[in-house]
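Naming convention: chains lettered A, B, ... in sequence-line order (proteins, then strands); numbering from 1 in each chain. All figures in this text were calculated on a predicted structure; none of them were measured in a lab.
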There are 2 protein chains.
Amino acid sequence: MNITIYDIAQKCHVSIATVSRVLNGSSRVSEKTRAKVLKVMKEMGYKPNPFARGLGLDSMKIIGVICTDVADIFYAHAVSLLEDGLRKHHFDVMLSNTGSDTGHNGKYISDMAGKHVDAIITIGTPFSSESDVRLLCETARQIPVITINSDYHQPRMYSVVCNERDGMKDVVAALANKGCQHILYIYNSLTYSGRHKLDGFRQGIKELNLPHKAELIQQTPRTLTDTEALIDRLVAGNVDFDAIVTSDDIFAVGAQRAALRHGLDIPVIGCNNSILAECATPTLTSLDNKLTNLCAAAVNIVTELTTKGADAVPIRTEFNAELVERESFTT
Amino acid sequence: MNITIYDIAQKCHVSIATVSRVLNGSSRVSEKTRAKVLKVMKEMGYKPNPFARGLGLDSMKIIGVICTDVADIFYAHAVSLLEDGLRKHHFDVMLSNTGSDTGHNGKYISDMAGKHVDAIITIGTPFSSESDVRLLCETARQIPVITINSDYHQPRMYSVVCNERDGMKDVVAALANKGCQHILYIYNSLTYSGRHKLDGFRQGIKELNLPHKAELIQQTPRTLTDTEALIDRLVAGNVDFDAIVTSDDIFAVGAQRAALRHGLDIPVIGCNNSILAECATPTLTSLDNKLTNLCAAAVNIVTELTTKGADAVPIRTEFNAELVERESFTT
DNA sequence: TTGTACGCGTTATCAA
DNA sequence: TTGATAACGCGTACAA
């Protein structure tokens with residue numbers, strides 16, 4: 001079996017309480033015994049048992065992170081940023097991949113809650129069905145829930161978002177400013193982020209009095225080939241467009257490639273400013289949703305909740321999006 | 001506070017032992033009391049405390065997964081596959097991002113071990129310094145360590161690898177078969193995988209009696225711009241090459257783009273068969289290292305270790321690589 | 001400054 | 001088939 005504080009105490013001729021005290025640094029222990037205990041700990045290779053500690057404190061310094069798919073480059077980046085930030089504050093990360101928002105992802109929430117994580121951070125929109133959302137809100141009553149790019153307006157839920165709606169409006173304005181009239185918008189799903197981007201696009205079109213035809217707003221599966229096929233169909237159907245905006249870089253890659261194949265050398269703008277935008281030829285201009293800021297804010301909330309308390313923490317944190325210009329479009 | 005088995009026991013007029021028994025299903029309990037206990041559990045919304053359980057069993061069904069960077073598309077994919085597979089077997093995943101192989105990553109190992117994870121899975125080469133490797137091997141004596149694309153040949157360490165060496169030899173052969181003589185190889189670091197690919201490349205060159213010049217093997221930082229700059233320098237320096245092979249798709253993207261800029265329409269082959277290969281124009285042929293198989297095997301090892309026992313589990317599992325052909329090269 | 005004793009929620013080992 | 005009780009390792013009042 002493992003070394004326990006009892007072993008240390010025995011070897012040091014002190015009580016377990018004393019050992020526990022030097023372990024937690026807090027209470028007052030004579031410098032002499034502290035040194036001795038620390039020395040013996042190191043010698044014996046003592047490691048505190050996290051279960052026992054957790055049992056008393058009801059905390060194991062683990063944060064649950066939930067997203068639909070870490071294999072997706074965007075979520076992967078977010079998880080990476082969160083992990084780095086949390087680790088700096090001595091939190092571990094338990095990862096949960098829901099697969100996709102099936103409407104029956106509640107089990108992931110209760111699993112996490114059952115494991116007694118110290119907080120839950122969701123990225124994107126892993127939960128949208130009524131039952132899932134309800135469960136999430138109930139869970140929030142017991143442990144803090146931080147949502148990145150979602151907002152449920154519930155007690156003990158902390159929302160961190162990027163204002164992609166206004167960002168998208170600016171994109172439309174920038175394109176219009178260059179003379180584009182018929183902007184094609186390609187998206188995949190109506191997540192929180194997806195809805196706001198689409199709203200922003202529509203609003204931009206409206207405010208600038210650009211022609212808005214239904215055929216200029218298209219939905220597509222999340223693959224390159226589907227997106228290319230979509231462009232092929234539109235061209236074949238004589239749908240006119242002089243610019244393309246997409247809700248994710250991946251669609252922009254496919255759309256741009258297909259457009260160029262048809263001789264359409266038009267502005268293309270993606271979203272998320274991922275490595276994919278840099279891999280495309282020409283490189284893609286992309287609307288950056290400031291993931292670094294979002295994740296840093298989420299980490300901040302976690303730490304401040306434990307140090308300061310629930311009231312000292314903002315329930316909503318919002319950042320502006322930023323257009324990162326590359327070859328596919330410059331203002 | 002939460003509901004405990006004491007509460008359930010009291011309400012059912014039975015002892016906690018009985019409650020514990022129905023909880024674990026194992027021991028014999030009369031159907032009548034079992035039903036009653038289960039009913040009350042549901043009524044009161046009882047959730048077993050994982051810490052207390054962990055304290056007794058010294059296990060919380062958590063697997064530690066360690067890699068250098070989840071933000072990297074390859075590791076992200078691996079983590080995703082592992083998470084999915086492990087969750088199906090009711091394991092949770094604790095993620096640890098070392099950042100890069102600094103030679104001082106031992107703390108991540110002891111952290112994991114200290115958290116009493118049930119096993120550790122490493123992806124790639126997060127540990128290579130002597131001290132880190134020693135620590136990893138020592139840790140393996142206490143908890144199983146499964147290494148994906150690494151091999152330390154130590155007791156209680158289970159290695160799952162892809163034979164990229166032979167895969168790379170085949171790549172060279174395929175290029176030579178098409179008449180390529182001066183193949184440029186671009187890599188980043190000498191991880192386990194990196195070493196084997198480079199070895200395979202060298203061996204392929206040698207066995208086919210192709211000219212091997214030092215300047216045809218180049219190292220580069222892991223960025224697109226650096227890789228493009230590398231090609232620019234080589235071209236400016238009149239280094240002749242008629243094909244490019246790279247240790248990762250990201251380098252292939254940059255190299256191909258730069259080469260095309262210089263009018264060099266030559267075969268380009270990447271590694272890992274990631275989405276990046278599909279985003280490039282032309283799309284990139286890539287050596288797939290069968291990550292899906294590797295991760296499935298790792299998950300298998302974890303589950304079989306607990307069910308069957310250490311001796312029933314293979315200490316080394318090897319898969320073949322596979323060349324996935326796209327526009328940048330076809331055999 | 002230090003030590004004693006109890007609680008945390010479960011599992012497991014005895015008896016009954 | 002059940003029940004009482006001892007671990008499991010740590011934190012912490014309370015006492016000394």
Side-chain angles (χ1 to χ4, degrees), chain A residues 1-41 44-62 90 113-118 142-143 306, chain B residues 1-41 44-62 90 113-118 142-143 306:
Chain A
M1 225 40 203
N2 261 315
I3 315 285
T4 74
I5 51 172
Y6 290 95
D7 302 320
I8 307 292
Q10 194 169 13
K11 194 135 187 175
C12 291
H13 306 292
V14 294
S15 74
I16 61 160
T18 305
V19 177
S20 179
R21 285 186 191 106
V22 338
L23 207 53
N24 300 321
S26 56
S27 306
R28 297 152 296 269
V29 186
S30 83
E31 208 40 63
K32 199 168 128 193
T33 52
R34 148 172 281 112
K36 182 164 68 178
V37 170
L38 284 175
K39 180 160 162 276
V40 173
M41 277 184 181
M44 305 186 70
Y46 167 77
K47 295 269 186 252
N49 182 313
F51 303 137
R53 172 172 277 167
L55 188 54
L57 302 179
D58 196 37
S59 154
M60 238 174 88
K61 300 224 44 151
I62 297 185
H90 307 289
K115 290 281 178 177
H116 286 222
V117 295
D118 292 4
Q142 298 178 33
I143 54 178
T306 56
Chain B
M1 224 38 204
N2 261 315
I3 314 286
T4 74
I5 51 173
Y6 288 97
D7 302 320
I8 307 293
Q10 193 170 12
K11 194 134 186 174
C12 291
H13 305 291
V14 295
S15 74
I16 60 162
T18 305
V19 178
S20 179
R21 283 186 193 106
V22 337
L23 208 53
N24 301 320
S26 55
S27 305
R28 298 153 294 269
V29 185
S30 82
E31 208 40 64
K32 200 170 130 194
T33 53
R34 147 171 282 113
K36 181 164 67 178
V37 169
L38 284 174
K39 179 159 163 275
V40 173
M41 278 185 182
M44 305 186 70
Y46 166 77
K47 295 266 185 258
N49 182 314
F51 303 137
R53 174 170 275 170
L55 190 54
L57 301 179
D58 197 35
S59 155
M60 240 175 87
K61 299 223 46 150
I62 297 184
H90 307 289
K115 290 281 179 177
H116 287 220
V117 295
D118 292 4
Q142 298 178 33
I143 55 178
T306 57

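In this structure, B:Ile16 atom CD1 and D:dT1 atom P are separated by 20 Å, rounded to whole Å. Spacing between atom CE of A:Met60 and atom C1' of D:dG11 amounts to 16 Å, rounded to whole angstrom units. Nucleotide C:dT10 holds its C1' atom 14 Å from the CD1 atom of B:Ile8, rounded to whole Å. If you measure from atom CD of B:Gln10 to atom P of D:dA4, you get 13 Å, rounded to the nearest angstrom. The interatomic distance linking A:Lys115 (NZ) with C:dT10 (P) rounds to 14 Å, in whole Å. Rounding to whole angstrom units, CG of residue B:Asp7 and P of C:dG7 are separated by 15 Å. We find that CZ of B:Arg21 is positioned 11 Å from C1' of C:dA15, with the value rounded to whole Å. Atom P of nucleotide C:dT10 and atom CG of B:Asp58 are separated by 17 Å, given to the nearest angstrom.
The structure places OG1 of B:Thr18 at 13.0 Å from CD1 of B:Ile8, a figure rounded to the nearest 0.5 Å.
The residue A:Lys32 sits apart from the nucleic acid: no heavy atom pair falls under 4.0 Å. The residue B:Tyr6 sits close to a base: some heavy atom pair falls under 4.0 Å. Residue-level contact check: A:Val14 touches the backbone only, with heavy atoms under 4.0 Å from sugar-phosphate atoms and none from bases. Across all strands shown, A:His116 has no heavy atoms under 4.0 Å from either base or sugar-phosphate atoms. Among the protein residues, B:Leu57 comes within range of the sugar-phosphate backbone only, with heavy atoms under 4.0 Å from sugar or phosphate atoms but none that close to a base.
Remark: B:Thr4 is not in phosphate contact with C:dC8, judged by side-chain N or O atoms under 4.0 Å from OP1 or OP2. Under 4.0 angstrom from either OP1 or OP2 of D:dC10 there lies no side-chain N or O belonging to A:Ser20. The phosphate of D:dG9 has neither OP1 nor OP2 within less than 4.0 Å of any side-chain N or O from A:Asn2. Between C:dG3 and A:Ser15, a contact under 4.0 Å exists linking OP1 or OP2 to a side-chain N or O. Taking 4.0 angstrom as the limit, B:Arg53 places none of its side-chain polar atoms (N or O) nearer than this to OP1 or OP2 of C:dG9. For the OP1/OP2 pair of D:dC8 and a distance below 4.0 Å, the side-chain nitrogens and oxygens of A:Asn49 include no atom meeting the criterion. The side chain of B:Ser30 contributes an N or O atom lying less than 4.0 Å from OP1 or OP2 of D:dT2. The phosphate of D:dG3 (OP1 or OP2) has a side-chain N or O of B:Thr18 nearer than 4.0 angstrom.
Computed from C1' positions of five pairs at each end, the angle between the two local axes of the helix from C:dT1-D:dA16 to C:dA16-D:dT1 equals 40°, rounded to 10 degrees.
Of all the heavy atoms in B:Tyr46 and B:Thr4, the pair that sits closest is CE1-C, 3.8 Å. Listed here is the closest heavy atom pair of B:Met60 and B:Pro50: CG-O, 3.8 Å. Taking every heavy atom of both residues into account, B:Ala113 and B:Ile143 meet most closely at CA-CD1, 4.2 Å.
Closest to the side chain of B:Leu55, from the set D:dT2, C:dT10, D:dC8, is D:dC8.
A search for side-chain contact (heavy atoms from CB on, under 4.5 Å) contacts involving B:Thr306 returns B:Phe91, not counting sequence neighbours. Annotation: salt bridge (charged side-chain N to carboxylate O under 4.0 Å, His left out) contacts of B:Lys39 (sequence neighbours excluded): B:Glu43. Every residue meeting the side-chain contact (heavy atoms from CB on, under 4.5 Å) condition with A:Lys11, not counting sequence neighbours, appears here in chain and number order: A:Val40, A:Met44. With sequence neighbours excluded, no residue satisfies salt bridge (charged side-chain N to carboxylate O under 4.0 Å, His left out) with A:Lys36. Every residue meeting the side-chain contact (heavy atoms from CB on, under 4.5 Å) condition with B:Leu38, not counting sequence neighbours, appears here in chain and number order: B:Val22, B:Arg34, B:Met41.
Taking for each of B:His13 and B:Gly56 the nucleotide of DNA chain D with the nearest heavy atom, the 5'-most of the two is the partner of B:His13. In terms of position along DNA chain C, the nucleotide closest to A:Ala52 lies nearer the 5' end than the nucleotide closest to the other residue of the pair A:Ala52 and B:Ala17.
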